[in-house]
Structure formats: C-alpha cells, structure tokens
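Report on the following structure.
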Amino acid sequence: MYLQLENVEKYYGENENRVQVLKGVNGSIERGEICVMLGPSGSGKSTLLNLIGGIEIIDYGNVIVGGIDLASLSKTKLGLYRRDTLGFVFQFYHLVPNLTVKENIETGAYLSKTPLAVETLLDKLGLKEHCNRYPNQLSGGQQQRTAIGRALAKNPKLLLCDEPTGALDYQTGKQILSILQSMSRENGTTVIIVTHNSALAPIADKVIYMRDASIERIEFNVHPKDIENLEY
C-alpha cells in the first residue's frame, strides 16, 4: 500500500466546544491509483485531505505515506515531505499575486528535482496566451488552471486535489481531468480528488464515500472510464 489510514481521528475546539470531525477512519490507496473522495459538506473530506497533505496535525491514529508515518515527522521533515512528495491543488487557488501565470507555475517546478516542462503545461492547460498575465487579470477558471499547473509542475508522487474542476466550464474541466488521469497512468502519480460531483466516480480506481466524519463505504472500478467517455 502506498497510503494507509489507520484509525484516524481529528477534533476541533476545546472542552465543551470540542467537535470530532473524523471518527476512526481506515483505508488504503495503492501507488498510481486515482481515488475520488465523495461526500456532502461537513463529512470530513477536506480535513482528511489536509491530514494527508501534512497541513493539519493528526490527533489520533496514523497516516502512512510511502512507508513514512506523518505523525512521527518534525516540522522540518513535514515541510520536506510536502516539498518533495506532494502536489496540492487548493479550492481557492492561493496564487502569488505579483507573479505572472508562467512564474506561478515555475514556483512548483523550482521545488522539484524532476519537474515537468512548464511550456508544455502552459500549452496543455490552455494558458499559453495568458502566460504573462497576473492573477487579478484572469478569470476564476484561468486561475484554477494556473494553480493546477503549479501543482503538476513538481511532477509529484502524490497529487491532492480539492474540487479541482469546481470553477471550470465543462470542456476545460474534462481537459483537466484528462491531465490528471494521464499523470496517474503515465507517471505513476497517486491522485486523490475530493469533490461533491458523483459523476466523477467512474474515472477512479477507488471511490471513497464519506458521511458524518467517517468512511461510509469504498467501491472499486475494475475498468475506470477514460475521460473522453465521461458525461456529467
């Protein structure tokens, strides 16, 4: 197993305001799999993604990635894990406002020893003609594509995506999903997609359904759909 979740629990608040947002979550994801994580708002999807990404601290249990227990890492080593292993596509972009599209994507490439070609990414993401624009000169969809390009530029082993197509039109969304599927199949990248859109489930090797801070069930697709055959 590339990623293992063992009795993972997470709480927010203290004393009488203490709320459990993950309740003994168990599961695993193989190297190179696409995993779609589905569930309503408040089910714990994004929190779990943040724990896997080392952004939030695990209260109980273990998150093991590539044989490394994240709970055992110091802040410095956790930072190196995020730098060397992860690509993270945030729901709210987090672009650097005074850098151009190309420069934002290059910040991802600079962090990697084996980056993908920035010019190729600009072309695949339909951003070539916008490469010298700044984030405040872009539409929401263009900003999201830039954020995705920055994450992909690192050529990460593990790509975490929080609603990666939420701000995109249908055709651009399919294009992005096609790139994610290619990363998985051609580069062996493990991809986790958190989404409300159940129509994306057929593209995944594994679908994790979450409800009430727990994993409700896990389903497998023996033959995941190619993106070009997906309608949603």
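Numbers here are sequence positions counted from 1.
- Using a 3.5 Å distance cut-off with no hydrogens or angles, the side chains of Asp162 and Ser46 do pair a donor with an acceptor.
- The cluster map of Ile, Leu, Val, Met, Phe, Trp and Tyr, joined by side-chain heavy atoms under 4.5 Å apart, puts Ile57 and Tyr60 in different clusters.
- Between the side chains of His130 and Thr100, not a single donor N or O lies within less than 3.5 Å of an accepting N or O.
- One hydrophobic cluster holds both Ile227 and Leu125 under the rule that ILVMFWY side chains link at heavy-atom gaps under 4.5 Å.
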Exercise for the section: I would like to know whether Tyr81 and Val65 meet side chain to side chain contact (heavy atoms under 4.5 Å, CB included); could you show each step before the answer? Expected result: CA-CA 10 Å; Tyr81 159 74; Val65 180; 3.5 Å; yes
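- Residues Leu73 and Ile68 form a side-chain contact, since some pair of their non-hydrogen atoms from C-beta on lies under 4.5 Å apart.
- Tyr93 and Gln143 form no side-chain donor-acceptor contact under 3.5 Å, judged by distance and modelled atom types alone.
- Connectivity analysis of hydrophobic side chains (ILVMFWY, heavy atoms under 4.5 Å, direct or indirect) links Leu111 to nothing; its cluster partners are none.
- Residues Ile176 and Phe88 do not share a hydrophobic cluster, clusters being chains of Ile/Leu/Val/Met/Phe/Trp/Tyr side chains in contact below 4.5 Å.
- Tyr2 and Val207 sit in two unconnected hydrophobic clusters of ILVMFWY residues. Membership requires side-chain heavy atoms under 4.5 Å apart, directly or through other members.
- Asn187 and Asn155 form a side-chain donor-acceptor contact under 3.5 Å, judged by distance and modelled atom types alone.
- With hydrophobic clusters built from ILVMFWY side chains whose heavy atoms lie under 4.5 angstrom apart, Met183 shares a cluster with Leu122.
- Annotation for Val19: hydrophobic cluster partners, listed by chain and number, are Tyr12, Val21 (ILVMFWY side-chain heavy atoms under 4.5 Å, direct or chained).
- Using a 4.0 Å cut-off between charged nitrogen and carboxylate oxygen, Lys77 and Asp84 do not count as a salt-bridge pair.
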Practice task
Take Ile55 and Phe90 through the side chain to side chain contact (heavy atoms under 4.5 Å, CB included) test and state the conclusion after the steps.
Solution key: CA-CA 12 Å; Ile55 293 173; Phe90 296 95; 3.8 Å; yes
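- Residues Asn221 and Asp205 bring no donor and acceptor atom of their side chains to less than 3.5 Å of each other.
- Between the side chains of Asp169 and Thr172, at least one donor-acceptor pair of N or O atoms lies under 3.5 Å.
- Using a cutoff of 4.0 Å between basic side-chain nitrogens and carboxylate oxygens, Glu219 and Arg217 are scored as salt-bridged.
- Ionic pairing of Lys102 and Glu119 is present here: one or more N-O contacts between side-chain nitrogen and carboxylate oxygen are shorter than 4.0 angstrom.
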